Amino acid sequence: MDQFVLNWIFIGASFALYIGIAIWARAGSTSEFYAAGQGVHPVVNGMATGADWMSAASFISMAGLIAFTGYDNSTFLMGWTGGYVLLALMLAPYLRKFGKFTVSEFIGDRFYSPTARLVAVICLIVASTTYVIGQMTGVGVAFGRFLEVDNTTGLLIGACVVFAYAVFGGMKGVTYTQVAQYCVLIIAYTIPAIFISLQLTGNPIPALGLFGEHAASGEALLSKLDMIVTELGFKEYTAHHSDTLNMVLFTLSLMIGTAGLPHVIMRFFTVPTVADARWSAGWTLVFIALLYLTAPAVGAMARLNISELMWPNGTSGDPVSVQMMEAEDKYDWMATWQKTGLLNWEDKNGDGKIAYFNDKNADKVAEMEAAGWGSENELTKFNRDILVLANPEIANLPSWVIALVAAGGLAAALSTAAGLLLAISSAVSHDLIKGALVPTISEKGELMSARVSMAVAIAVATYLGLNPPGFAAQTVALAFGLAAASIFPALMMGIFTKVNNKGAVAGMLAGLIVTLVYIFLHKGWLFIPGTNSFTDADPLLGTIKSTSFGAVGAMINFAVAFIVSKSTDPIPQEIDDLVENVRIPKGAGAAVEGH
Amino acid sequence: MADNSSNNAYWAANMRIIKISLVIWALVSFGFGILLRPMLSGIAVGGSDLGFWFAQQGSILVFLALIFFYAWRMNKLDAEHGVEE
């Protein structure tokens with residue numbers, strides 16, 4: 001059967017399933033819309049949170065970033081899982097005990113200040129919107145490929161689908177739909193990885209295959225990979241090349257950002273008890289780890305496969321010929337991806353061969369010129385975000401596996417985009433409009449404003465997604481930096497310290513503004529291309545890239561909050577009691593609607 | 001109030017468990033995975049070294065163990081101090 005048709009059968013069937021579940025569990029009241037009546041088992045909640053969490057960044061983008069950089073991008077793996085430790089130990093149980101629906105309600109009540117709540121809402125909206133931009137980048141790649149249209153058209157179609165999908169239901173519809181999405185995406189991610197691991201190493205578990213033996217050469221897979229990439233003039237895959245300070249700060253930003261993102265934290269309001277909140281965080285990480293332990297294997301193996309495809313006679317033989325690329329089935333994927341504009345090659349010196357190597361490495365360029373393959377890399381474009389989706393085709397796997405990955409990639413992007421839109425819409429309608437601007441709004445009016453804010457958020461994200469500030473995972477990393485600098489410190493200080501209202505507001509504002517300005521200085525104001533004064537290759541402060549600045553922003557937040565708090569009035573007695581109460585599990589009732 | 005001193009003991013015990021867990025958390029990721037990797041480079045793991053393994057696999061497995069340990073330990077602590085739900 002034609003691959004195009006097969007892709008659409010898999011995508012269609014998975015969508016029918018999600019929409020079916022969404023209709024079956026459609027939200028009726030506002031409380032169901034936000035938090036699903038809190039009747040969700042920790043394992044189910046963990047699975048749904050896993051789907052919500054693992055977005056286009058994890059599924060589509062991350063392995064590609066690892067594949068082309070190697071060890072230095074292990075930061076994504078450690079950062080996006082390590083945050084769950086902070087969440088489980090420092091936030092989830094206490095926020096569940098507090099028993100409200102949204103993060104900003106906690107901040108507003110704990111810091112006894114509508115201003116604090118308003119600032120928190122603004123922080124959430126900024127971080128979540130940046131996050132959705134990253135998702136839209138991934139959605140554009142996926143729809144572009146599977147509709148076989150260019151990236152921009154794919155993005156616009158994708159945006160309409162995401163919107164239609166998110167408007168269907170609130171958290172309740174989303175929870176059960178996301179369980180289905182988790183199943184689709186994890187199967188779609190691991191099956192091709194298992195096939196490829198078997199092909200290359202004979203080991204069915206990709207995480208073990210990564211450290212196993214390359215069957216064709218008898219060498220360790222990673223040694224073989226290191227050898228091939230260095231022969232092509234690239235940096236050694238397993239070695240540490242990047243700046244250590246930046247690597248540590250980036251990992252830390254991703255970790256504390258994870259524990260500060262509203263759509264993830266909101267999940268822990270939906271479990272029945274404080275003990276369940278603790279278990280839920282563990283189960284969530286189990287389901288996430290299944291993908292994250294596989295991702296580095298996917299990256300390394302894909303890099304090896306691509307290198308071998310471009311150099312079918314070994315790196316000392318001839319590069320692949322244009323004729324061979326046109327004639328042989330195993331190169332078909334390149335022609336399909338060329339249509340999206342995200343992959344390209346060009347026989348620049350007209351020798352009928354496509355030479356893939358690092359043309360920024362002078363030694364390698366001299367060597368290639370001497371061999372007669374020209375001085376320029378002829379695989380001119382390889383967008384990192386296509387790697388996972390193209391991976392089964394690169395490894396020449398059966399067409400049903402390719403179709404499965406298509407469905408999985410869309411599930412990942414859609415589930416997170418929907419979860420984020422929900423977080424944005426609840427921040428606007430529940431916290432901003434009902435909580436601050438129009439407290440008398442009817443339940444119906446609140447639901448309507450939730451949907452309008454979803455539409456606005458997706459329009460903004462789509463517009464900015466047309467010229468994204470980076471690959472999907474990099475844009476998402478910026479969102480984490482913003483959450484890390486603003487929300488996480490406020491939540492943590494709210495539980496573990498007795499910082500007062502003025503301290504919290506000053507801290508959040510300082511963290512958010514400094515981080516946002518630092519990001520805009522490097523990525524352009526409001527992410528508009530060309531308006532940046534610095535680049536991440538040569539950042540403003542030492543070696544600290546804009547993606548890593550969130551950790552610095554968080555430190556500024558803590559420092560400002562403590563200084564301001566010390567020099568102003570201590571917290572009132574009832575807030576002191578509230579903090580003491582939040583710390584003890586006893587007496588947690590169901591969450592109640594605030595205001 | 002007697003209730004308060006018991007609560008304070010509970011919170012102190014909780015803080016101790018959190019601190020120990022976070023030291024391990026930082027050690028396996030920032031430590032073994034990044035800063036201490038050169039010291040572990042002598043220990044070969046399938047074509048690379050132990051630091052690389054911690055950065056791409058080991059830290060995630062330790063994070064999992066930490067969260068489940070904490071959930072189990074805290075549920076026990078809740079019962080010991082009579083503060084469970």
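All of these numbers come straight from a predicted model, not from anything done at the bench. The sequence lines fix the lettering, A, B, ..., with proteins before strands; numbering per chain opens at 1. Atom set for the values below is all heavy atoms of this structure, side chains included, hydrogens, waters and symmetry mates excluded.
Comparing A:A88, A:P93, A:G82 by heavy-atom pairs within less than 4.5 Å of chain B, the highest count is held by A:G82. Between chain B and the options A:T244, A:N73, A:L86, A:D226, heavy-atom pairs under 4.5 Å are most frequent for A:L86. No other option in A:A281, A:A289, A:A207 has as many heavy-atom pairs under 4.5 Å with chain B as A:A207. Ranked by heavy-atom pairs shorter than 4.5 Å toward chain B, the options A:A275, A:A220, A:P585, A:S74 are led by A:P585.
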field: Criterion side-chain contact (heavy atoms from CB on, under 4.5 Å) on B:Q57 and A:L210, from CA distance to verdict
entry: CA-CA 10 Å; B:Q57 302 280 322; A:L210 176 64; 4.2 Å; yes
message: Checking B:N7 against A:E580 for the side-chain contact (heavy atoms from CB on, under 4.5 Å) test, could you report, in this order, the C-alpha distance in whole Å, the side-chain angles of both residues, the deciding distance, and whether it holds?
response: CA-CA 8 Å; B:N7 285 354; A:E580 296 297 335; 5.6 Å; no
query: Does the side-chain contact (heavy atoms from CB on, under 4.5 Å) test come out yes or no for B:Y70 and A:V85, once each step is laid out?
result: CA-CA 9 Å; B:Y70 181 76; A:V85 177; over 6 Å; no
field: side-chain contact (heavy atoms from CB on, under 4.5 Å) assessment of A:R278 paired with B:I67
entry: CA-CA 8 Å; A:R278 296 181 188 130; B:I67 297 179; over 6 Å; no
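Distance check: B:I34 CD1 to A:T251 OG1 gives 4.0 Å after rounding to the nearest 0.5 Å. Expressed to the nearest 0.5 Å, how far CH2 of A:W279 lies from CH2 of B:W72 amounts to 9.0 Å. Taking CG of A:L89 as the reference point, atom CD1 of B:I17 lies at 9.0 Å (rounded to 0.5 Å).
Within the 4.5 angstrom heavy-atom criterion, only backbone atoms of A:A239 (N, CA, C, O) approach chain B. Heavy atoms of B:S29 lying under 4.5 Å from chain A belong to its backbone as well as its side chain. For B:N14, the part sitting under 4.5 Å from any heavy atom of chain A is the side chain, from C-beta outward, and nothing else. Proximity to chain A is limited to the side chain of B:D78, based on heavy atoms less than 4.5 angstrom apart. Interface remark: A:I66 contributes side-chain atoms only to the contact with chain B (heavy atom separation under 4.5 Å). A:L221 does not touch chain B: none of its heavy atoms, backbone or side chain, sits under 4.5 Å away. Heavy atoms of B:L35 lying under 4.5 Å from chain A belong exclusively to its side chain.
Between A:L222 and B:G46, the shortest heavy-atom distance links the atoms CD1-O, 3.6 Å. Of all heavy-atom pairs spanning A:L252 and B:F30, the tightest one is CD1-CZ, 3.7 Å. The two residues B:A55 and A:M78 make their nearest non-hydrogen contact at O-CG, 3.4 Å. Between A:S223 and B:G47, the shortest heavy-atom distance links the atoms OG-CA, 3.4 Å. Here the closest heavy-atom approach between residue B:R37 and residue A:T238 is recorded as NH2-O, 2.7 Å. The minimum heavy-atom distance between B:G82 and A:K586, with the atom names listed, is O-NZ, 3.4 Å.
Ring pair B:W11/A:F496: centre-to-centre distance below 6.0 Å.
The interface of residues 18-25 of chain B with chain A, defined by heavy-atom distances below 4.5 Å, comprises B:I18, B:S21, B:L22, B:W25.
Counting heavy atoms from C-beta on, the side chains of B:L66 and A:Y84 never come closer than 4.5 Å.
A:R583 forms no cation-pi arrangement with B:Y10, by the criterion of a distance under 6.0 Å to the ring centre and an angle within 45° of the ring axis.
Within 6.0 Å of CE in B:M15 there are more than 12 heavy atoms belonging to other residues, nucleotides or ligands.
Taking the six-membered ring for Trp and thresholds of 30 and 60 degrees, A:W283 and B:F68 have ring planes more than 60 degrees apart, a perpendicular arrangement.
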